[in-house]
Amino acid sequence: MLSRMRILECASRDEAADLVAAEVLAALRSKPDLVLGFATGSTPVGVYERLVRAHREDGVSFGRVTTFNLDEYVGLSPDHPCSYRIFMRRHLFDGIDVPPQNIHFPPVEGADLASACREFEARIRACGGIDLQLLGIGSNGHIGFNEPTSSLASRTRVMTLTDKTLADNARFYADPGEQPRLATTMGIGTILEARRVLLQSFGFKKALAVRTAIEGSVSSFCPASALQMHPDVTFYLDSESASLLTMRDYYRRAREDEARLAPEDA
Ligand code: GLP
């Protein structure tokens, strides 16, 4: 497999979701005991809708799949409507047949969170590593909850959320006092070990972060820039998120060439 970083500017968010869902379903066909890394936020919802549809309408089974979510808030009860566990149940897990015991979230409770985080990492390794990791990106360039200045070698741990992230997510909390200021997240080092990474980004709000991640220097100040070190990462962008890329035409041409040279991959 050739190392590659693919930048796909999609015609719409729907096209991006179609392409990512197709990648997940193709990977599942070739490996029914696939290990999937899942993300939360509004960005991956279209992919989850398509996976639920594939299960309901086409009988696709996730019965042997194992999942690891990227992050979870510290200080929210697991049944709080803003918890990522509830988000994933609502958007995906309640609609497919993944066995509950195969679903994993980073630990957010207990006296010794550091050792629970090490156990979470050990669990990923015991399952053979993550085959396919879905990602979104924060407007400050974060991936998971790896905020700017996270070590590029970081592992699963508790992070203090930045003011920018708190402001971006404040709309979900009727009572501002309820909004958690801490989260447990897979580290950048953890994410880089996934065999394939599929990152989606939509909207102009993310355009600068996307440009910095793809065309800037690798820097802990833009955690998503660490993906430049990954051998198999694809960015699925809508035109707004792609709008500040300086080599936009080049990425379009590269996509056309790829479709011509390796139609099954494009
Ligand atoms: C949160 C999540 C990230 C996600 C980001 C973007 O901060 N921890 O994993 O990528 O939000 O969210 P959205 O997709 O809603 O823009």
Side-chain angles (χ1 to χ4, degrees), residues 10 12-14 16-17 20-21 36-50 67-76 80-88 90-92 104-108 117 120 130 132-150 154 156-173 179-188 190-192 194 197-214 222-227 230 233-238 240-243:
C10 301
S12 64
R13 296 177 185 204
D14 275 339
V20 174
L36 283 166
F38 283 136
T40 48
S42 52
T43 309
V45 166
V47 174
Y48 298 153
E49 281 168 9
R50 284 156 177 78
T67 74
F68 290 91
N69 261 78
L70 273 173
D71 46 15
E72 177 59 293
Y73 289 112
V74 175
L76 281 188
H80 189 284
C82 290
S83 83
Y84 284 163
R85 283 171 190 275
I86 294 292
F87 176 96
M88 289 303 297
R90 195 168 56 233
H91 291 287
L92 184 64
H104 302 89
F105 280 81
V108 292
C117 287
F120 178 78
I130 292 171
L132 207 60
Q133 175 67 55
L134 304 194
L135 286 183
I137 183 171
S139 61
N140 63 0
H142 75 208
I143 45 177
F145 269 132
N146 292 284
E147 297 285 35
T149 71
S150 287
S154 50
T156 303
R157 70 215 180 286
V158 177
M159 281 291 310
T160 297
L161 302 179
T162 59
D163 289 347
K164 179 89 182 100
T165 296
L166 292 172
D168 282 351
N169 293 328
R171 65 187 188 281
F172 298 116
Y173 299 87
Q179 186 176 6
R181 304 175 70 82
L182 296 175
T184 307
T185 180
M186 278 186 205
I188 297 175
T190 323
I191 293 169
L192 290 178
V197 174
L198 312 181
L199 184 150
Q200 295 182 95
S201 176
F202 304 142
F204 188 71
K205 211 174 90 174
K206 310 280 182 75
L208 188 55
V210 164
R211 183 176 74 188
T212 311
I214 295 173
C222 178
S225 68
L227 296 171
H230 194 281
V233 57
T234 305
F235 291 79
Y236 299 82
L237 311 173
D238 68 356
E240 288 184 20
S241 267
S243 60

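Not measured: the values here are computed from a predicted model. Each ligand, and each atom within it, is numbered from 1 in the order the structure gives. In this chain, residues are counted from 1 in sequence order.
- Listed by chain and residue number, Phe38 satisfy the ring pair (Phe, Tyr, Trp, His ring centres under 6.0 Å) test with Tyr48 (two or more places apart in sequence, or in another chain).
- When all heavy atoms of Cys222 and Ala209 are compared, the closest pair comes out as SG-O, 4.1 Å.
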Report all side-chain donor-acceptor pairs from residues 180-188 shorter than 3.5 Å, counting only partners two or more places apart or in another chain.
from: Thr184; atom 1: OG1; to: Pro107; atom 2: O; distance (Å): 2.7
from: Thr185; atom 1: OG1; to: Phe145; atom 2: N; distance (Å): 2.9

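- Between Phe87 and His91, the angle of the ring planes lies from 30° to 60°, which puts this pair in the tilted group.
- His230 pairs by the ring pair (Phe, Tyr, Trp, His ring centres under 6.0 Å) definition with nothing, not counting sequence neighbours.
- Each of Asp168, Thr162, Asp163 was compared with Thr165 under the side-chain hydrogen bond (donor to acceptor under 3.5 Å, both in side chains) criterion, and only Thr162 meets it.
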Considering only N or O atoms, set out every pair between ligand 1 and the protein closer than 3.5 Å, with distances to one decimal place.
from: ligand 1; atom 1: 7 (O); to: His142; atom 2: NE2; distance (Å): 2.9
from: ligand 1; atom 1: 8 (N); to: Asp71; atom 2: OD2; distance (Å): 2.7
from: ligand 1; atom 1: 8 (N); to: Gly144; atom 2: O; distance (Å): 3.2
from: ligand 1; atom 1: 10 (O); to: Ile137; atom 2: N; distance (Å): 3.3
from: ligand 1; atom 1: 14 (O); to: Ser42; atom 2: N; distance (Å): 3.3
from: ligand 1; atom 1: 14 (O); to: Thr43; atom 2: N; distance (Å): 3.0
from: ligand 1; atom 1: 14 (O); to: Thr43; atom 2: OG1; distance (Å): 2.4
from: ligand 1; atom 1: 15 (O); to: Ser42; atom 2: N; distance (Å): 2.8
from: ligand 1; atom 1: 15 (O); to: Ser42; atom 2: OG; distance (Å): 2.8
from: ligand 1; atom 1: 16 (O); to: Lys206; atom 2: NZ; distance (Å): 2.7

